[in-house]
Amino acid sequence: MPVTKDEYYHLLAMKMIKNDCETLKALVPTLNQPYILLSSMPYLSLFCKSFEDYCHSQGKNIAISNASRYSIETVRSKLKLFGKRFDIATLSTEKIDRILDDLYLHHNLGIIYDSKSHIITNTQYLLFLFQPKEMEKCDLSNVDIGLLGKAIGTVINSVSKGLSKYSIPGIPLIANKRYTLFYYDIITDMQPLCNKECGLSKAISLLILHILCSVNYCLYIINDIVKDANPWKLRVQYISLYYAFMQLDRISQNLPSGAVRDTLVTIRAEVEPIINPDFRSCLMHYGFINKAQYLIDDNYLNYAIPFFGLVESCFGGKEYCDLLGRVNQGLVSMSNALTQFMGIEPKNLLII
């Protein structure tokens, strides 16, 4: 008996969910490093929330048990890098900075580097990941992070067992590593984050730092351990590129003419051709559907290729490897530009 279109797309969704689930399971050795794990939480939360939403769309009501104060949906939402409004984004960065200033007697920003001096994450960004939208009180509880991790791990293991009949040859395509990371503490009121010639406010400088951390985590951690043939790599890198692009574009629109604005405009020109909201939506959700329409063109539908023809349908026939290369180059351009803005000169780094 031939399958219906809905049944076939359900099969594609299950295969994609299975791939992502087994990938996340295989990443555990690398995720055992605390700062790498914390930076990964939005992507782990994305899987859980997207799976839950997909089940609901199929009429299956599941509920994720989470005893943590930190919400899976909230952590997932932080992939959007402070949201759509520039004023709210800058106010949020200032609020986190001020709270940590009060908590830690002015040494309020810890920056984490890899062994090649790339900024991978920072303590204010990590704090932001776990806070509710209102941010009435910011804190970071090891107990609640552990409970959140337990909830996420339970979902991943349950999905893996539940989809055991779906065979995905070749996965997880992971090369786990341990990273030597370095920590540097600064006082944001005394040490400018960006070069003085950039002329940026502290709030914008912090926002740029947080965007750089999101980009560099994908570029120098995810890109390093997840092989190109694994479609989860494109999922993560594209989401990072998309939201970094959107936030940098808002920043450029709120800057006066000058070198920084010119650089951001150049990045926009390079990256904009591969910014596709429909594709982004399919990466944030399972099912290859947006606004009740399946997005894979029948002419490109192919069970044997990554994303089954979605890439080709959204980008005029461009293939998966071509798009992955363009996304990676866009991340490199962003990373290089934002790093050049940074005016931090770390000394006496602490190995962590």
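All residue numbers refer to positions in the sequence shown, counting from 1. For the numbers below, each heavy atom of this structure counts, side chains included, while hydrogens, waters and symmetry mates do not.
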According to the interplanar angle, ranging from 0 to 90°, do the rings of [X] and [Y] count as parallel (below 30°), tilted (30 to 60°) or perpendicular (above 60°)?
X	Y	result
W232	Y43	perpendicular
F279	Y238	perpendicular
F82	H210	parallel

In a table with atom names and distances, give each donor-acceptor pair under 3.5 Å that connects a side chain of residues 326-335 to protein atoms at least two apart or in another chain.
from, atom 1, to, atom 2, distance (Å)
N328, OD1, N223, ND2, 3.4
Q329, NE2, S333, OG, 3.4
S333, OG, E270, OE1, 2.9
S333, OG, E270, OE2, 2.9
S333, OG, Q329, O, 3.1
S335, OG, N216, OD1, 2.6

Give every donor-acceptor pair under 3.5 Å between a side-chain atom in residues 310-318 and any protein atom, sequence neighbours left out.
from, atom 1, to, atom 2, distance (Å)
S313, OG, D297, N, 2.8
S313, OG, G309, O, 2.8

*asked:* Can you tell whether the side chains of D114 and K116 come within less than 4.0 Å, N to carboxylate O?
replied: no
*State plainly whether the residues R98 and E94 are in salt-bridge range, i.e. N to O under 4.0 Å.*
no
*With side chains defined as the heavy atoms from C-beta onward, is the minimum distance between L79 and M284 less than 4.5 Å?*
yes
*Carefully, step by step, assess L37 and N32 under the rule side chain to side chain contact (heavy atoms under 4.5 Å, CB included).*
CA-CA 6 Å; L37 172 61; N32 277 336; over 6 Å; no
For the residue pair [X] and [Y], would you count it as a cation-pi contact if the rule is NZ or CZ under 6.0 angstrom from the ring centre and within 45 degrees of the ring axis?
X	Y	value
K78	F128	yes
K15	Y303	yes
R280	Y242	yes

Near-ring test [Y]/[X], centroid separation under 6.0 angstrom:
X	Y	result
H285	F51	no
Y113	F182	no
Y294	F288	no

Over 12 non-hydrogen atoms of neighbours within 6.0 angstrom of [atom1] in [X]:
X	atom1	value
E73	CD	no
E7	CD	yes
E319	CD	no

Can you tell me if [X] and [Y] form a side-chain donor-acceptor pair at under 3.5 Å?
X	Y	result
Q340	N336	no
T23	N230	yes
Y54	H10	yes
T93	Q124	no
D20	Y286	yes
Y320	D228	no

*D278: partners by salt bridge (charged side-chain N to carboxylate O under 4.0 Å, His left out), with sequence neighbours left out*: none
*asked:* Quick one, L100 with L127, criterion side chain to side chain contact (heavy atoms under 4.5 Å, CB included). Give me CA distance, side-chain angles, the key distance, then yes/no.
replied: CA-CA 9 Å; L100 287 182; L127 179 66; 3.8 Å; yes
*Measure the spacing between CD1 of I204 and CG of L209 and express it to the nearest 0.5 Å.*
13.5 Å
*Once you round to the nearest 0.5 Å, how far does SG of C198 lie from CG of L255?*
10.0 Å
_S160 and K25: CA distance, side-chain angles, deciding distance, side-chain hydrogen bond (donor to acceptor under 3.5 Å, both in side chains) verdict_ = CA-CA 9 Å; S160 178; K25 283 180 64 180; 3.1 Å; yes
*Indicate if I62 and I72 have the same hydrophobic cluster label, given that clusters are the connected sets of ILVMFWY residues with side-chain heavy-atom separations under 4.5 angstrom.*
yes
*Between T121 and L126, does a side chain to side chain contact (heavy atoms under 4.5 Å, CB included) hold up when you go through it step by step?*
CA-CA 7 Å; T121 191; L126 294 177; 3.4 Å; yes
Using modelled atom types only, decide if a donor and an acceptor are shared between the side chain of [X] and the backbone of [Y] within a distance under 3.5 Å.
X	Y	value
Q247	G83	yes
S40	I36	yes
D144	R69	yes

